[in-house]
2 protein chains.
Amino acid sequence: MTIKEVCEQYHISPDTLRYYERVGIIPAVHRTKNNIRDYTEQDIGFVENALCMRNAGVPVEMVAQYMRLCQQGDETFLARRDLLREVREGIVKQIEKYQRELERLEYKIRRYDDALVTGKLVWDENETI
Amino acid sequence: MTIKEVCEQYHISPDTLRYYERVGIIPAVHRTKNNIRDYTEQDIGFVENALCMRNAGVPVEMVAQYMRLCQQGDETFLARRDLLREVREGIVKQIEKYQRELERLEYKIRRYDDALVTGKLVWDENETI
DNA sequence: ACTTGACTTAGAGTTTACTCCAACCTGTAT
DNA sequence: ATACAGGTTGGAGTAAACTCTAAGTCAAGT
């Protein structure tokens, strides 16, 4: 699979894909004899993993750390699981934070909905804007 | 309320607070006669709003846009509400994305939990890492 | 009077994660 | 043969959001 095909499938740019390889978020991709990247099933798996973790807000350096562990073999199962658990806690916290902000936001939107009818914007106590 | 007190209350740095003022995320803060920032109730309200929106992942420029609308008076209720609705849609999408990645992550963690018992890491079809 | 500590400014520097560029190679189509 | 489409590299550039620095002001304490 060429770099272009992978890009189209995952909606990312070739530059990003090469960048991911450079920083170790994905290991060196298989090449044709002309030195052109030819993504194997396994390479695609690495790309999916990278995108999954990046989408989850995991910093590039942490994904690289995970990949280094993966390449060190079976003794790193525990370290890998712990890293993924850490990532999970981060996402859970982030979702909770977003949900709190979402509530405040919906409250504000309701206030504006009211204001659009009454012509007057009113906040409950503790809210000023 | 001094800049330091506000910082402590909201766990941000004085630099960040001054930066927020500079870029218009919060309007010019009240000053003492010595030109020292002295946050009023209203200023604090602006700070809370800024932090709420930034925590929700809203870009600085969009918060500034919202604040500009707020300072233009009652004719901008509609525009403000629409901006907040847009922000809300963004957060909802982000939460959904995080929840999808969370599921993949929990699957992986379970696989590692198994591997730590059996000594063998096994993926279902479609997963390689 | 002098030091200390907390504030002020403008502007430069940093970090993260890309994104672009110039120069080059190579197989296929005209 | 030559143009073109698509790849390659190292390295420079960019955007966003801070974060730091230098130089200065000011009030209080010794």
Side-chain angles (χ1 to χ4, degrees), chain A residues 1-40 43-44 46-47 49-67 87 90-91 94 97-98 101, chain B residues 1-40 43-44 46-47 49-67 87 90-91 94 97-98 101:
Chain A
M1 213 173 179
T2 70
I3 199 167
K4 202 181 184 195
E5 288 164 343
V6 180
C7 288
E8 275 159 13
Q9 180 158 354
Y10 295 102
H11 310 103
I12 46 173
S13 77
D15 273 319
T16 301
L17 223 33
R18 283 187 286 252
Y19 165 74
Y20 279 1
E21 197 175 335
R22 192 161 57 193
V23 297
I25 251 190
I26 52 178
V29 168
H30 175 252
R31 305 285 183 121
T32 67
K33 64 181 85 83
N34 306 316
N35 195 37
I36 291 188
R37 286 177 183 79
D38 181 26
Y39 292 77
T40 63
D43 291 327
I44 300 288
F46 292 139
V47 170
N49 175 67
L51 292 175
C52 165
M53 292 183 84
R54 290 291 303 122
N55 277 333
V58 181
V60 164
E61 181 44 44
M62 198 169 182
V63 186
Q65 169 64 16
Y66 179 70
M67 288 315 298
V87 168
I91 301 181
Q94 196 58 48
K97 189 157 140 192
Y98 273 9
E101 303 307 347
Chain B
M1 213 174 179
T2 69
I3 199 168
K4 203 183 183 193
E5 287 163 344
V6 180
C7 288
E8 276 159 13
Q9 180 157 353
Y10 294 102
H11 310 103
I12 47 173
S13 77
D15 273 320
T16 301
L17 223 31
R18 284 187 283 253
Y19 166 73
Y20 280 1
E21 198 175 332
R22 192 162 58 194
V23 297
I25 253 189
I26 52 178
V29 168
H30 175 253
R31 304 287 182 121
T32 67
K33 65 180 84 82
N34 306 316
N35 196 37
I36 291 189
R37 285 176 183 81
D38 181 26
Y39 292 78
T40 64
D43 291 328
I44 300 290
F46 291 139
V47 170
N49 175 68
L51 292 176
C52 165
M53 294 182 83
R54 290 292 303 121
N55 276 333
V58 182
V60 164
E61 182 44 44
M62 199 170 182
V63 186
Q65 169 64 15
Y66 178 70
M67 288 313 299
V87 169
I91 301 181
Q94 196 58 47
K97 188 157 142 192
Y98 274 9
E101 303 307 347

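Letters A, B, ... mirror the listed sequences (proteins, then strands); counts begin at 1. Because the structure is a prediction, the values reported are computed rather than measured.
- Side-chain N/O atoms of A:Thr16 include one lying less than 4.0 angstrom from OP1 or OP2 on C:dT19.
- Contacts of A:Arg22 with the nucleic acid, taken as non-hydrogen atoms under 4.0 Å apart, include base atoms.
- Comparing the helix axis at one end of the helix from C:dA1-D:dT30 to C:dT30-D:dA1 with that at the other, each defined from 5 consecutive pairs, gives an inter-axis angle of 30° (nearest 10°).
- Distance alone, capped at 3.5 Å, places no donor-acceptor pair between the A:Asn55 side chain and the B:Lys97 backbone.
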* Asked: Given A:Gln94 and B:Gln94, is the side-chain contact (heavy atoms from CB on, under 4.5 Å) satisfied, shown in steps?
  -> CA-CA 10 Å; A:Gln94 196 58 48; B:Gln94 196 58 47; over 6 Å; no
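- Looking at A:Asp15, its side chain comes within 3.5 Å of the base of C:dC20 through a donor and an acceptor atom.
- Within the 4.0 Å cut-off from OP1 or OP2 of C:dC7, not a single side-chain nitrogen or oxygen of B:Lys4 is found.
- Each of B:Arg54 and A:Pro14 has a nearest nucleotide on DNA chain D; the 5'-most of these lies closest to A:Pro14.
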Check residues 56-64 of chain A and write down every donor-acceptor pair under 3.5 Å in which the side-chain atom is one partner and the other belongs to a residue at least two apart or another chain.
| unit_1 | atom_1 | unit_2 | atom_2 | d |
| --- | --- | --- | --- | --- |
| A:Glu61 | OE2 | A:Arg68 | NH2 | 3.0 |

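- Between A:Arg37 and D:dT8 there is a side-chain N or O to OP1 or OP2 distance below 4.0 Å.
- Nucleotide C:dC7 holds its C1' atom 11 Å from the OH atom of B:Tyr39, rounded to whole Å.
- The CZ atom of B:Arg31 sits 18 Å away from the P atom of C:dA6 (whole-angstrom rounding).
- Going from atom CD of A:Glu61 over to atom P of C:dA17 covers 9 Å, rounded to whole Å.
- Atom C1' of nucleotide C:dA17 and atom CZ of A:Arg18 are separated by 16 Å, given to the nearest angstrom.
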* Asked: Going through the checks in order, is the side-chain contact (heavy atoms from CB on, under 4.5 Å) test met by A:Thr2 and A:Ile36?
  -> CA-CA 8 Å; A:Thr2 70; A:Ile36 291 188; 5.9 Å; no
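- Atom CG in A:Asn35 sits roughly 21 Å away from atom P in C:dA23 (whole-Å rounding).
- Look at OH on A:Tyr20: it is 15 Å from P on C:dT16, rounded to the nearest Å.
- You'll find that the side chain of B:Ile3 is closest to C:dC7, out of C:dC7, D:dA17, C:dC18.
- Each of C:dA17, D:dG7, D:dC18 was ranked by its minimum atom distance to the side chain of A:Ile36; first place goes to D:dG7.
- Residues A:Cys7 and A:Ser13 approach most closely at SG-C, 3.5 Å, considering heavy atoms.
- In this structure, CG of A:Asp38 is placed 10 Å from P of D:dT8, rounded to the nearest angstrom.
- Only one option out of B:Ile26, B:Asn49, B:Ile25 pairs with B:Met67 in a side chain to side chain contact (heavy atoms under 4.5 Å, CB included); it is B:Asn49.
- What separates CG of B:Asn34 from C1' of C:dG5 is a distance of 15 Å, to the nearest Å.
- Nearest-nucleotide assignment on DNA chain D puts the 5′-proximal partner with B:Val60, out of B:Lys33 and B:Val60.
- Side chain of A:Asp38 to main chain of A:Met1: a donor-acceptor pair is present (N/O by atom type, distance under 3.5 Å, no hydrogens or angles).
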